Amino acid sequence: MNISHIEHIGIAVDNLEESIKYYEGVLGLKCYAIEEVVDQKVKTAFFLVGSTKIELLESTSPDGPIGKFIAKKGPGMHHMAFAVKDTDEALKKAEERGVRLIDKVSRKGAEGLNIGFLHPKSTNGVLTELCSKKE
Ligand code: ZN
């Protein structure tokens, strides 16, 4: 699958501004981008920790994926994202190996990355995202 590193860890939060205060004020990290991904009904905030990012996700609608997640489980860790060379190729390989996919083909995520999700039922309960940079 050609995983190079953990690209980011996604964390579902109730309130982006309040959560940023913790990451900046307590952990001393710096929020370098805030971006709304209309498609996924989320507002995101990014922090860099080494070569791995923390992606905070606030829902913009109760019927979006993060809105539903928080309603069911409350705020907390939502997914882990691996950087791969080619998301579509990695999704295809995962499917060939019997993994249930959420996305059959990649779509556009925050920061313009090509992203695709593997179903947590096939990944030991961890919602797993694969992402690659757009050529
Ligand atoms: Zn993500």
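This one's a predicted model, so the numbers in the text were calculated from it and none came from an experiment. Numbering of ligands and ligand atoms starts at 1, following listing order.
- Side-chain contact annotation: E55 with H79, donor-acceptor N/O pair under 3.5 Å present.
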- Check step by step if side-chain contact (heavy atoms from CB on, under 4.5 Å) holds for F69 and H78. CA-CA 8 Å; F69 176 88; H78 180 259; 3.5 Å; yes
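- Other residues, nucleotides and ligands contribute at most 12 non-hydrogen atoms within 6.0 Å of the CG atom of N124.
- Take the Zn ion (ligand 1) and draw a sphere of radius 2.8 Å; the protein N/O/S atoms inside it number 4.
- Classified by interplanar angle (parallel below 30°, tilted 30° to 60°, perpendicular above 60°), the ring pair F46/H8 is perpendicular.
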- Message: The test is side-chain contact (heavy atoms from CB on, under 4.5 Å); show your working for M77 and I9 and say whether it passes.
- Response: CA-CA 8 Å; M77 197 177 145; I9 292 168; 4.0 Å; yes
- Task: Check step by step if salt bridge (Lys or Arg N to Asp or Glu O under 4.0 Å) holds for K21 and E18.
- Result: CA-CA 5 Å; K21 279 184 200 159; E18 285 304 310; 3.1 Å; yes
